[in-house]
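Accompanying notes for the structure given below.
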Amino acid sequence: MMFKKVLVLTLLFVLVAAAFAAAAELPVSGGTIQAGVDDTLYCDPDGVYVPGWGLETDDNTVRSVRIAGIHPDCAGNEMFVKIYGPDPAAKPLYSGQMTLTGADQETFRFSAPYLRPQDIVVLKIWIEGEY
């Protein structure tokens, strides 16, 4: 009986030692961890503005919006525009995007049915990209 206990303990010891030896031979490659700060997460430090809307007075519609003051450093980035009515939590009345060319001004043209000027309350503009 004692012999069986010693045999079981010896086998258990051999199995545990083999597991540790296998783990000790497990190859592990080092990864990279990196941290940093970028304080220039913008291409247009002074912002943009709207010099005008494509107002059609014959039928009281707005057919476009011009965004100006775009810095040339933003060329290649994407500009997103969303126009909302009185409830900015609701679905936008218009949503568009374009790749900036480096020009000072870009125009977003709306498709029919065109917006009514009295429905336009909020204009949101984003510029994002790698440049």
Side-chain angles (χ1 to χ4, degrees):
M1 180 78 158
M2 184 65 155
F3 178 72
K4 287 183 183 181
K5 286 183 182 178
V6 171
L7 183 61
V8 168
L9 287 175
T10 304
L11 287 175
L12 183 62
F13 176 75
V14 168
L15 288 174
V16 170
F20 279 117
E25 293 180 23
L26 181 67
V28 176
S29 298
T32 301
I33 186 166
Q34 184 172 348
V37 175
D38 188 346
D39 59 356
T40 58
L41 293 175
Y42 52 84
C43 61
D44 195 328
D46 58 351
V48 298
Y49 64 95
V50 176
W53 296 82
L55 176 64
E56 182 61 54
T57 57
D58 292 341
D59 63 359
N60 191 41
T61 60
V62 178
R63 299 184 179 205
S64 65
V65 61
R66 292 188 328 268
I67 312 296
I70 304 168
H71 198 280
D73 287 349
C74 296
N77 287 345
E78 295 293 313
M79 177 181 279
F80 302 86
V81 169
K82 289 191 178 189
I83 297 174
Y84 294 90
D87 181 8
K91 182 180 174 188
L93 302 173
Y94 169 80
S95 181
Q97 92 177 63
M98 70 171 53
T99 302
L100 296 174
T101 63
D104 174 71
Q105 180 172 290
E106 299 286 357
T107 301
F108 285 86
R109 300 189 191 292
F110 311 146
S111 57
Y114 301 114
L115 303 176
R116 298 178 325 149
Q118 62 267 31
D119 294 337
I120 298 172
V121 177
V122 175
L123 169 68
K124 292 185 178 183
I125 302 170
W126 297 266
I127 299 174
E128 71 94 19
E130 63 180 291
Y131 305 107

Side-chain donor-acceptor pairs of residues 82-92 under 3.5 Å, sequence neighbours excluded:
{"unit_1": "D87", "atom_1": "OD1", "unit_2": "A89", "atom_2": "N", "d": "3.1"}

**Interatomic spacing from CZ in R66 to OG1 in T107 - rounded to 0.5 Å** = 6.5 Å

**Request:** Could you grab the distance from atom CG of D73 to atom OH of Y42, nearest 0.5 Å is fine?
**Result:** 10.5 Å

**Fill in**
When rounded to the nearest 0.5 Å, the distance separating CZ of F108 from OG of S64 is 11.0 Å

**Item:** Shortest non-hydrogen contact between E130 and N77, atoms and distance
**Value:** N-OD1, 3.4 Å

Review item, side-chain donor-acceptor pairs of residues 43-58, under 3.5 Å, at least two apart:
{"unit_1": "D44", "atom_1": "OD1", "unit_2": "G47", "atom_2": "N", "d": "3.2"}
{"unit_1": "D44", "atom_1": "OD2", "unit_2": "H71", "atom_2": "N", "d": "3.0"}

Could you tabulate the donor-acceptor pairs under 3.5 Å formed by side-chain atoms of residues 117-125, not counting sequence neighbours?
{"unit_1": "Q118", "atom_1": "OE1", "unit_2": "N60", "atom_2": "ND2", "d": "3.2"}
{"unit_1": "D119", "atom_1": "OD1", "unit_2": "R116", "atom_2": "NH2", "d": "3.0"}
{"unit_1": "D119", "atom_1": "OD2", "unit_2": "R116", "atom_2": "NE", "d": "2.9"}

**Message:** Looking at every heavy atom in both F80 and E128, which two are closest together, and how far apart are they?
**Reply:** CE1-CG, 3.5 Å

**Request:** To the nearest 0.5 angstrom, please state how far the CG atom of L115 sits from the OH atom of Y94.
**Result:** 9.0 Å

**Request:** Calculate, to the nearest 0.5 Å, the distance between atoms CD and OG1 belonging to E106 and T101 respectively.
**Result:** 4.0 Å

**Prompt:** Just how far is it from atom CE of M98 to atom CD of E78, taken to the nearest 0.5 Å?
**Reply:** 9.5 Å

**Message:** With no hydrogens and no angle check, just 3.5 Å: does a side-chain donor-acceptor pair link R63 and T61?
**Reply:** yes

